[in-house]
Number of protein chains: 4
Amino acid sequence: MARSPSDARETQPEPQAPRRRRAPAMDKGERRRSILDAALAEFSAHGFAGARLDDVARRAGVAKGTLYLYFSDKEALFRGLVEENLSPVLVDAGGMVALFPGTTRELLDLLIELLAQRVLETPAQALVRLMIAEGPRFPELAAYYHREVVVRGLALIRAIVSRGIARGEIDSDIPARFPQLVIAPAIVAVVWNSMFGAFDPLDVRQFLAAHRDMILRGLGWRET
Amino acid sequence: MARSPSDARETQPEPQAPRRRRAPAMDKGERRRSILDAALAEFSAHGFAGARLDDVARRAGVAKGTLYLYFSDKEALFRGLVEENLSPVLVDAGGMVALFPGTTRELLDLLIELLAQRVLETPAQALVRLMIAEGPRFPELAAYYHREVVVRGLALIRAIVSRGIARGEIDSDIPARFPQLVIAPAIVAVVWNSMFGAFDPLDVRQFLAAHRDMILRGLGWRET
Amino acid sequence: MARSPSDARETQPEPQAPRRRRAPAMDKGERRRSILDAALAEFSAHGFAGARLDDVARRAGVAKGTLYLYFSDKEALFRGLVEENLSPVLVDAGGMVALFPGTTRELLDLLIELLAQRVLETPAQALVRLMIAEGPRFPELAAYYHREVVVRGLALIRAIVSRGIARGEIDSDIPARFPQLVIAPAIVAVVWNSMFGAFDPLDVRQFLAAHRDMILRGLGWRET
Amino acid sequence: MARSPSDARETQPEPQAPRRRRAPAMDKGERRRSILDAALAEFSAHGFAGARLDDVARRAGVAKGTLYLYFSDKEALFRGLVEENLSPVLVDAGGMVALFPGTTRELLDLLIELLAQRVLETPAQALVRLMIAEGPRFPELAAYYHREVVVRGLALIRAIVSRGIARGEIDSDIPARFPQLVIAPAIVAVVWNSMFGAFDPLDVRQFLAAHRDMILRGLGWRET
DNA sequence: AATGAATGAGGTTTCATTCAT
DNA sequence: CATGAATGAAACCTCATTCAT
């Protein structure tokens, strides 16, 4: 595959100690994690097809063959990446929604904060874009992602809305029917920054705050 | 390269292979268009790196070499795709906004209709996803897209908002600061259907109508 | 075939009038000649395999298909080049030797002059190198060249030596046995300049004059 | 690039093809040498552009990809060939000239012997012709060859001449000014045999012996 | 006769995957 | 377990040659 010419890669070196024999003490989980980290970096920089397992191995500090001891092939590595990185955030968010005592507005602020700190401002944001980019070519992975991440996330949004209505703070059922409307700006923010961030960055927190304001009013927000 | 015939090698694979008829003469523009259509189909099915020019050629009904008479290389073909498909819609939308006499609500409906008919329900929707998928690897193309499509589109949104405020129909300046909030659901709809459409389709028109209702209220909508 | 990277080619334009329909008045011989001239230039710049018929056609100011009206294929074009360019000089040289009244030394000077003016300082010198470069891959052409050019040239050298001995000016039969020794420096001069001429040019005339002096003495030169 | 398996295409060419045994482990230098030998054979039979790396690999008994573990591309392979084969002879020749106690005539005989045994009668002779054939298209390689081989060789010739003059055996400074005259017949012999050897072979040793005799006399040879 | 768009075999190069050490 | 040299299928691109106009 010809890489795009604009795709100037760091010329090999990669601040990596000149590795000779096997890696020193490092247990299985630790090594697996370092492979996944390296894979996230390479996949997000070059896409699934464009990423070289050679580079993943080098970045992880292992031999190329070692990758195959942890993942059966390139695709399994990609799957591992998705499966390992996205669920935890949802679990935490679910807990928050269940226990939070304050107003819907405060709850949304909390979740924006969580999203920003745990996804949007971390390397994991690349995963969102990777899923969008490669999803159609990995139908099973897309189904997994839909089941484990998307459906749960949307359910959470519905829960927030129900809660808000129950509290008399909002009155619209639109986001119960189309919860995607609530999360859409977060998706777009990730996409925007991955494409245009270099020359026209979007401030994610301000952007989501504006979204919060607009939809709260759109949902009939009333302080109680 | 043809080797000299006197240059006896191990294998002489019958230099006089039966030659297939060539495609009937076709208007230059027509052929260019059929190549672009084929490219859109292949790129959207397999991504930039995954698409085979062989398949593009076969689908377009031309020989592999013919592609290179119209586009200097694979990247140029991809560029051609983006450049040829997205600008026209914006031009039309711009015209509409400038001339439309009705309410903001009616104007939004009209634009949703335009978007649906010209992009979201046509093969061109794949282009949006392709740009998201491949953009980070084609910075120049991303810059072009930003300049020619995104900036213009956002300007159009700002114009609609100003118009609405001037007409006394809405009162918020949020979308003037973050016009991306207005278009985000359209982006997400395309992405959603490309990934989950097969088993959990999203009705784009209903989705965008719900969005319209929510943001109009969110912007202080008042019939005048 | 990948061309050598160092092989920066003039980017297409080629001071050529924008040709539309057919070439204007130009008779068959004239056109054949312009094709051969173009071919000499391209073959000598890029070698047989490296030369593109596209470039030959452009340089000759004809369409690519036209080449095939004059030469059946690339190889025939190369053959035509060799056959058309080298014999005339030998004919003239033969005449000189037969009629020349002066000393062997003067005769050699005359032939050096002829060689320099008609071959070594013209585009035809490239043909010598081309034959060396491509000869082994064109055995029939090599045989032709051997028969028509080399054998005749060596016979001429033997004639000069016999003449010199008959005149009592020299006394060795070495060059009658190995006439290649007499012409070798001319070959080497052409090769030298084609390879190193750019940064370490060899003055062909001084070089051949030195050769003349050395071999005359080596052959027992005695002014009569 | 391996496509994702879920990515159903027209042709599924049995991804589990029976895999051939790999070449038994071989010393790195040994393998490099066998690749170079194969390359020399193929390049010299077909020229740089005409040689197929496929054939080089097959002849060397390795897979095509293996070539790229040893040489970054076709050009590097060609460079490796030149750099690895010609310098050693010069080193040895230099040693001889420095230490040799006998007459200039005996020294020349020794060098002719060396040249014949180490270059002219080995596959390396093809390299000389290859350099002539391809040199103009590889200016950097030509410069390398000029610097490492040619200049040194000519210096050696000058050294021999000075030595001869110092010993009172010869008296001419012509070859000090144009040392190419001394080596020219060796070049021509190689070229001759590569082109005409099949039907009109030239006996290199006799040829060079005749040259030795002629130039020695031409330089005023006197036994001391 | 002349044109030049179209063809497609063929070559170089890449890189996921294997397996002997 | 880990390594990394070796493998070879596959993809992009070139260019000699053809042929409808």
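Note that the structure is a prediction, hence the values are computed from the model and not measured. Letters A, B, ... mirror the listed sequences (proteins, then strands); counts begin at 1.
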Checklist outcome for this item: Lys28(D) atom NZ is separated from dG4(F) atom P, nearest whole Å, by 11 Å
Checklist entry - Between Gly135(A) and Ala142(A), what is the shortest heavy-atom contact and its length? => result O-CB, 4.0 Å
Next on the checklist: By nearest heavy atom, map Gly65(A) and Asp73(D) onto DNA chain E; which one lands nearer the 5' end?
Outcome noted: Asp73(D)
Next on the checklist: Under 4.0 Å, heavy atoms only, any strand: does Phe71(B) hit a base, just the sugar-phosphate, or nothing?
Outcome noted: nothing
Checklist entry - Parallel, tilted or perpendicular for Phe78(C) and Phe43(C), by the 30°/60° rule? => result perpendicular
Checklist entry - Hey, is the side chain of Tyr68(B) poking within less than 4.0 Å of OP1 or OP2 on dC12(F), counting only N and O atoms? => result no
Next on the checklist: Testing the basics here: between Arg137(B) and Ala45(A), what is the closest heavy-atom pair and its distance to 0.1 Å?
Outcome noted: CG-O, 4.1 Å
Item to check | Whole-Å gap separating P (dA16(F)) and CZ (Phe48(C)) | outcome: 9 Å
Item to check | Distance in angstrom units between Asp55(B) CG and dA10(F) P, rounded | outcome: 12 Å
Checklist entry - Which heavy atom in Leu81(C) sits nearest to a heavy atom in Leu36(C), and how many Å separate them? => result CD1-O, 3.2 Å
Checklist entry - How do Leu67(D) and Leu53(C) order along DNA chain F: which one's closest nucleotide is nearer the 5' end? => result Leu67(D)
Item to check | Separation of dT14(E) C1' from Lys74(D) NZ (nearest whole Å) | outcome: 17 Å
Item to check | Centroid separation Phe138(D) to Phe48(D) less than 6.0 Å | outcome: yes
Next on the checklist: Counting only side-chain nitrogens and oxygens, does Arg31(D) get under 4.0 Å of the OP1 or OP2 atom of dA6(F)?
Outcome noted: yes
Checklist entry - Partner of dG10(E) by Watson-Crick or G-U wobble geometry, both contacts under 3.5 Å, or none? => result dC13(F)
Checklist entry - With both distances kept under 3.5 Å, what pairs with dT3(E), Watson-Crick or G-U wobble? => result dA20(F)
Item to check | d(NZ, Lys64(C); P, dT3(E)) in whole Å | outcome: 13 Å
Checklist entry - Over how many whole Å does the gap from Arg32(C) atom CZ to dA1(E) atom C1' extend? => result 16 Å
Checklist entry - For the pair made of CG in Asp54(B) and C1' in dG8(E), what is the distance, rounded to whole Å? => result 10 Å
Item to check | dA1(E) OP1/OP2 closer than 4.0 Å to side-chain N/O of Tyr70(C) | outcome: no
Checklist entry - To the nearest Å, how far apart are Asp27(B) CG and dA5(E) C1'? => result 13 Å
